[in-house]
Amino acid sequence: MKVRTRFAPSPTGNVHIGNMRAAIYNWLFARHMGGEFLLRVEDTDIERSTPEAIQALLDAMDWLGLDVDGEPLYQTTRQQAHLDAAEALLSKGMAYKEDKGGMGQGECVIFRMPGTDSSFVDGIKGELTKKAENMQDFVIVRSNGTPVFHLANVMDDIEQGITHVIRGDDHIENTFRHIALYKALGAEVPNFAHLPMITNAQGKPYSKRDGDAFVGDFREKGFLPEALFNYLTLLGWSPGDDREIMTREELVEAFTLERCQSSAAQVDLKKLTWMNGEYMLKLPNEEFEALAFQSLETAGIDAEPEYAEQVFKLIRERVKTVADIVPMVGFFFSDDFEYDEKAVKKKLLKDGVADTLGNMKTIFQGLDVFNAETADKALHDFVEESGLGFGAVMAPVRIAVSGVQSGPDLAPVLAVLGRNRVIARLDRALALFSA
RNA sequence: GACCCCUUCGUCUAGUGGCCUAGGACUCCAGGUUUUCAUCCUGGCAACACGGGUUCGAGUCCCGUAGGGGUCGCCA
């Protein structure tokens, strides 16, 4: 039988990172097995399920490259089928009506647990069992006539022909109920695999309060989808060898449920950032530039393409995330940049620095040609002639033209900025900081 | 509280009874390269939760303890 997995989120607009990892595992498993990956939108919460929220969900999946087979199933279209199933269960005596709790809310439909011990083999955790006395009957249709999650979920998984239900381990208890439902409904029980949860930097389960809980947050922070995908896959799974940076094809090829960890995993932003940097490095130049131009645009920076491309070449290898770009190149596009206070205090407000900057200005003005090579040579010559240390010359010049202590090679930076800008900035630094 | 699950370096993990004086990666630290910064290279720190078994031999199997987590809704 062909493997079919599914991702069944509630479209709330924000897709939780833990949910998205479950989606990734479902996708990976389906692709590995040559099966299908389906989407079911559990949109029965009318308040939160707006078209925008659904679109946001689809966008997040698209961004991560989780392609879906077939049309998505919208749970709201299935209500009648759910209710019919409840009727059938009722008529077979497998469910009963009751005014639960006697609260006068009216009668709801309650599923009768079979009263036998239950056990199943979880694809990740192994055999799981539960004694009959620890399982209670449960509501499948509310007194207001709407189906409850358990019924809807099972019915729709049957409808979509799901063979493998891969979900968070917070569903383990539900699984015993669901299995009983499958059997009562006369349907084949699918395979189940329960993923351990992932936790935040504090080692606690992700809550909606966590800043980085949603897929969109990672996108905004400048992470590449392929890097996030790779990282999330490795969080709780490993190929069994030492590979870490893996292409999507390699991940699909290597992915199996048996190699999934059965304990919770903690997200480590530092490692994600490292991995993202590796992916940034691998990006084809055109893609990097496209991303960079986009970042400048959203930051409201007007960039002349030819000039910008020179700038991008300078920072290309230093960027860890897309979000690094704008702060790194700001001074190339505007004279209105901040001076790093510490840097100024430590390097600029020193005796003799004003002379150094003044000398460099004169030297640069006197150059026949001003480019990376000549600027570099001028810098070196001056260091030698003056007997000043290298740091005593480079650092002040760098801070004067960029505001900060670190950045790409200084000479190329000067060359790209151009002589006029460099001299103007040296003048300004002289005026502002001559001690 | 009841039921269930989990436990290898700070973090992600390899490890399926001898190949483990426990390997890799991130982080961190030190040195080197770069006559600036970053990169890069080399090296280092650092773990089998604890206690009992079983066995010639246990990180690997069993039992218990502790700690962590999940679930106990007419939410999903």
Side-chain angles (χ1 to χ4, degrees), chain A residues 8-10 12 19 42 44-45 48 75 98-101 103 105-110 122 124-126 128-131 133-136 138-150 152-153 167-177 194 196-199 201 203-205 231-245 258-259 261-275 277-278 281 314-320 324 328 343 347 376 379-380 383-384 389-399 402 404-411 413:
Chain A
S10 299
T12 59
N19 281 130
E42 306 211 329
T44 49
D45 184 338
R48 292 191 298 173
Q75 196 156 63
E98 189 183 288
D99 178 7
K100 203 183 175 203
M103 298 297 281
Q105 291 178 72
E107 291 193 318
C108 54
V109 180
I110 298 176
D122 188 279
I124 292 170
K125 307 226 178 208
L128 263 19
T129 59
K130 189 110 174 156
K131 292 209 176 65
E133 64 259 37
N134 293 322
M135 296 183 283
Q136 277 86 46
F138 58 96
V139 175
I140 53 176
V141 179
R142 297 185 189 87
S143 52
N144 70 4
T146 58
V148 167
F149 162 73
H150 304 294
N153 195 264
R167 49 169 33 161
D169 65 4
D170 49 331
H171 279 293
I172 287 182
E173 305 288 329
N174 289 335
T175 299
F176 292 102
R177 298 196 245 247
H194 290 93
M197 49 179 16
I198 56 180
T199 63
K204 296 290 174 193
Y231 179 75
L232 249 20
T233 301
L234 248 37
L235 199 57
W237 175 86
S238 86
D241 49 41
D242 288 338
R243 287 180 294 169
E244 291 206 305
I245 305 279
E258 299 79 62
R259 294 211 57 85
Q261 206 74 17
S262 57
S263 55
Q266 192 172 47
V267 171
D268 180 3
L269 251 14
K270 285 227 175 92
K271 185 151 187 175
L272 205 211
T273 302
W274 162 77
M275 189 171 276
E278 299 292 305
L281 242 29
L314 258 26
I315 60 156
R316 183 75 171 85
E317 291 176 4
R318 327 168 60 88
V319 172
K320 291 274 184 239
D324 287 344
M328 220 177 258
K347 306 281 184 175
D376 192 51
L379 247 8
H380 280 76
V383 167
E384 208 164 305
F390 204 77
V393 177
M394 294 292 230
V397 172
R398 180 190 289 284
I399 296 164
S402 75
V404 291
Q405 280 189 86
S406 68
D409 270 349
L410 183 54
V413 165

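Bear in mind the structure is a predicted one, so any value in this text is a computation, not a measurement. A note on names: the letters A, B, ... follow the listed sequences, proteins ahead of strands, and every chain is numbered from 1.
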Could you give the [atom1]-to-[atom2] distance, from [X] to [N], as a whole number of Å?
X	N	atom1	atom2	value
A:H171	B:C3	NE2	C1'	18 Å
A:Y231	B:U27	OH	P	12 Å
A:I245	B:C12	CD1	C1'	13 Å
A:D122	B:G70	CG	P	18 Å
A:I315	B:U39	CD1	C1'	14 Å
A:K125	B:C5	NZ	P	9 Å
A:R177	B:U71	CZ	P	11 Å
A:L314	B:U39	CG	C1'	14 Å

Under 3.5 Å on both distances, the Watson-Crick or G-U partner of [N]:
N	answer
B:U65	B:A49
B:G43	B:C29
B:G59	none
B:C3	B:G70

Using atom [atom1] of each nucleotide, how far apart are [N] and [M] to the nearest Å?
N	M	atom1	result
B:A22	B:G15	C1'	8 Å
B:A14	B:C20	C1'	11 Å
B:G43	B:C50	C1'	34 Å
B:A46	B:C4	P	40 Å
B:C9	B:C28	C1'	13 Å
B:A25	B:A49	P	23 Å
B:A47	B:G53	P	26 Å
B:A76	B:G18	P	49 Å

**Q.** A:Q136 side, atom CD; A:I110 side, atom CD1 - distance, nearest 0.5 Å
**A.**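 Those atoms lie 11.5 Å apart.
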Q | A:E107, CD: over 12 other non-hydrogen atoms inside 6.0 angstrom | A |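 For A:E107, atom CD is crowded (more than 12 foreign heavy atoms under 6.0 Å).
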Q.
Within a 6.0 Å radius of atom CD on A:E384, are there more than 12 heavy atoms belonging to other residues, nucleotides or ligands?
A.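 Not more than 12 within 6.0 Å, no.
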**Q.** First encountered from the 5' end of RNA chain B, between A:A265 and A:T129
**A.**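 Going by which nucleotide is closer to the 5' end, it is A:T129.
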Q) Want to settle it: does A:L235 or A:H150 sit nearer the 5' end of RNA chain B, counting the closest nucleotide to each? A)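 With A:L235 and A:H150 compared, the 5'-side residue is A:L235.
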Q.
We want to know whether A:R243 and A:S238 form a side-chain donor-acceptor pair, criterion being a heavy-atom distance below 3.5 angstrom.
A.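 There is no such pair between these side chains.
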**Q.** Base B:C37 paired with A:R398 side chain (donor-acceptor, <3.5 Å)
**A.**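 Counting by modelled atom types and ignoring angles, no donor-acceptor contact under 3.5 Å is found here.
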Q: Check if the side chain of A:D45 and the base of B:A76 share a donor-acceptor pair of N or O atoms closer than 3.5 Å.
A: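 Side chain to base: no pair present.
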Would you say a side-chain N or O of [X] is under 4.0 Å from OP1 or OP2 of [N]?
X	N	answer
A:K270	B:A25	no
A:Q261	B:C6	no
A:R259	B:A14	yes
A:K130	B:C3	no

Out of [options], which has the shortest distance to the side chain of [X]?
X	options	result
A:M394	B:U35, B:C74, B:U36	B:U36
A:K100	B:G73, B:A76, B:G69	B:G73
A:E173	B:A25, B:U71, B:G68	B:U71
A:S262	B:U7, B:U35, B:C3	B:U7
A:K271	B:U35, B:U36, B:C26	B:C26
A:S263	B:C6, B:A76, B:U27	B:C6
A:S238	B:A14, B:G73, B:C12	B:A14
A:N134	B:U27, B:U36, B:C3	B:C3
A:D268	B:G69, B:G10, B:C12	B:G10
A:S143	B:G68, B:C74, B:C4	B:C74

Base, sugar-phosphate or nothing for [X]? Non-hydrogen atoms, less than 4.0 Å.
X	result
A:G203	nothing
A:I110	nothing
A:H194	nothing
A:E244	base

**Q.** Partner set under side-chain contact (heavy atoms from CB on, under 4.5 Å) for A:T129, not counting sequence neighbours
**A.**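 Per chain and number, A:T129 pairs via side-chain contact (heavy atoms from CB on, under 4.5 Å) with A:S119, A:E127.
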Q: Using a 4.5 Å cut-off on heavy atoms from C-beta on, say whether the side chain of A:V148 contacts that of A:F138.
A: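 No - every pair of side-chain heavy atoms lies 4.5 Å or more apart.
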Q) Are A:T199 and A:K204 side-chain neighbours, meaning at least one heavy-atom pair lies under 4.5 Å? A)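 They are not in side-chain contact.
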Q: Evaluate the criterion ring-ring contact (aromatic ring centres under 6.0 Å, His included) for residue pair A:H171 and A:F176; output intermediate values, then yes/no.
A: CA-CA 9 Å; A:H171 279 293; A:F176 292 102; over 10 Å; no
Q: Considering only NZ, NE, NH1 and NH2 on the basic side and carboxylate oxygens on the acidic side, decide whether A:K271 and A:E244 come within less than 4.0 Å.
A: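 Salt bridge between A:K271 and A:E244, a charged N being under 4.0 Å from a carboxylate O: yes.
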